[in-house]
Amino acid sequence: MTNQIPLAHGREYLAIPGPSVMPDAVLQAMHRPSPNIYDGELIEMMPALTHDLKCVAGTQHNVAIYIANGHGTWEAALSNVIAPGETVLAPASGRFTHGWAEMAEGIGAKVELIDFGMSSPWDLERIAEALRADSSHKIKAVLAVHVDTSTSIRNDIPALRALLDDLDHPALLMADCIASMGCDRFEMDAWGVDVTVTACQKGLMTPAGTCFVFFNDKAQAKRATMPRVSQYWDWQPRANPELFYQYFNGTAPTHHLYGLRAALDLIHGEGLEQVWARHEHLAKAIWAACDIWAQGGALHFNVTDPAVRSHAVTALRLTEGRGTPLRNYTETQLGLTLGIGLGMEDWDGCFRLGHMGHVNAQMVMAMLGGVETAMAALDIPRGKGALEAAAAALAT
Ligand SMILES: *Cc1c(COP(=O)(O)O)cnc(C)c1O
């Protein structure tokens, strides 16, 4: 390995689960001078932009746009519906639910956390117990991370909705779709989600910096009872602006809006159903390769059941802490950057493959070829024929 010629020069491939690969169309749309923010094209593009954004979330209700990252969208959503001293329930199947719960504590909420560890989806029976125990309805919201990017678990949001309905519990269902929107099937209205949060740099393929809070009438009714909401986070003027500047409470994120417009054109040009189907098909090819590698005994899926795996990110484990050396090899020798083992106790033994957004079949084959090459260089035991298995899965 040490005497090898570096082979990383060429177009690099960032295969981490966000920020994701930026389409050339998005970059080109952003490469322009600042527009007038008081009149003209920028202002005129907003109704269609918010409409198309709501289509991706599967909602006909409201959207508020913020200049922030995913952490910002957590705080934005909570600030509108959770008053200090109120309780939220956080069923955690990965690092991101803990993050959202910490954010809730930061605004003065009490958090009931149910920790399902780093490899398991929600156990709905345990969530039901917590909701049943709450006969006085102290729990005002359930913080539901759809796809947890650290573990690659995909939780069952419709089942959680059904549970709340069965128990007649009035808590708001709040979904974090930062890693799933534009990748995994998500239908806010059809699934009965009250508040959905997402950010632009994953399935929405735009550089980090804007985020979105979608909310329905039930959430708006809770908002109306709040003793106070900070003016900057208040979703009301943003979702129903009388003047253009109210969309953003100040100067618009002009270039992000152009980039987002191009990204939404890509999504709707392909068709949302097709976008979801592409992610599913590519994920299955990746898993087919991983199944073969796993035969060597060193590589394991973090999530054993394919039915609860995300189609946008795959978390993997390598014995003897070989995740970090593998990542270092692909990055420095091959020009392929893989995701770190985020939030994992055995950090060095974990890595993640990002396959969200602007990713096609030949990119997936290149990524898998990079992993195969690194395993060969590092002498990691593995089953033979992983790339053939992925090719066969793509060809079916
Ligand atoms: C990326 C991510 C976040 C955090 O987003 P930032 O932009 O890094 O603040 C939160 N939740 C999920 C599920 C994510 O994938």
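We number each residue from 1, following the sequence as shown. In listed order, ligands and their atoms are each counted from 1. Bear in mind that the values here come from a model prediction, so they are computed numbers and not experimental data.
Of the protein's heavy atoms, His71 ND1, 2.5 Å lies nearest to atom 9 (O) of ligand 1. In terms of protein heavy-atom proximity, atom 11 (N) of ligand 1 is nearest to Asp176 OD2, 2.8 Å. Scanning the protein heavy atoms around atom 3 (C) of ligand 1, the nearest turns out to be Phe96 CE2, 3.3 Å.
The parts of Asn69 lying near ligand 1 are both backbone and side chain, judged by heavy-atom distances below 4.0 Å. If you look at Asp148 next to ligand 1, there are no close heavy atoms at all, none under 4.0 Å.
Geometric assessment of Arg238 against the ring of Tyr232 yields a positive cation-pi assignment under the 6.0 Å and 45° thresholds. In this structure, Arg309 forms a cation-pi arrangement with Phe301, its terminal cationic atom sitting closer than 6.0 Å to the ring centre and no more than 45° off the ring axis.
The Val147 neighbourhood of ligand 1 comprises atoms 13 (C), with distances under 4.0 Å to a heavy atom of that residue. Below 4.0 Å from some heavy atom of Lys202 lie the following atoms of ligand 1, by number and element: 1 (C), 2 (C), 3 (C), 14 (C), 15 (O). Ligand-side atoms of ligand 1 in range of Ala179: 15 (O), range being under 4.0 angstrom from any heavy atom. The contact set between ligand 1 and Thr149, taken as ligand atoms under 4.0 Å from a residue heavy atom, comprises 12 (C), 13 (C), 14 (C), 15 (O). Close approach of ligand 1 to Gln201 (heavy-atom distance below 4.0 Å) involves ligand atoms 6 (P), 7 (O).
Residues Tyr66 and Trp233 bring their aromatic ring centres within 6.0 Å. In this structure, His281 has its ring center at least 6.0 angstrom away from the ring center of Trp276. Aromatic rings from Tyr245 and Phe248 are positioned such that their centres are separated by 6.0 Å or more.
Inclusion of Gly70 in the set of residues having an N or O under 3.5 Å from an N or O of ligand 1 is warranted. The distance criterion of under 3.5 Å between nitrogen or oxygen atoms is not met by Trp74 with respect to ligand 1.
Using a 4.5 Å heavy-atom threshold, the side chains of Phe116 and Arg126 count as touching.
Note that CG of Leu164 is 9.5 Å distant from CG of Leu172, once rounded to the nearest 0.5 Å.
When the side chain to side chain contact (heavy atoms under 4.5 Å, CB included) test is applied to Ile16, the partners found at least two apart in sequence or on another chain are Leu14, Pro19, Thr337.
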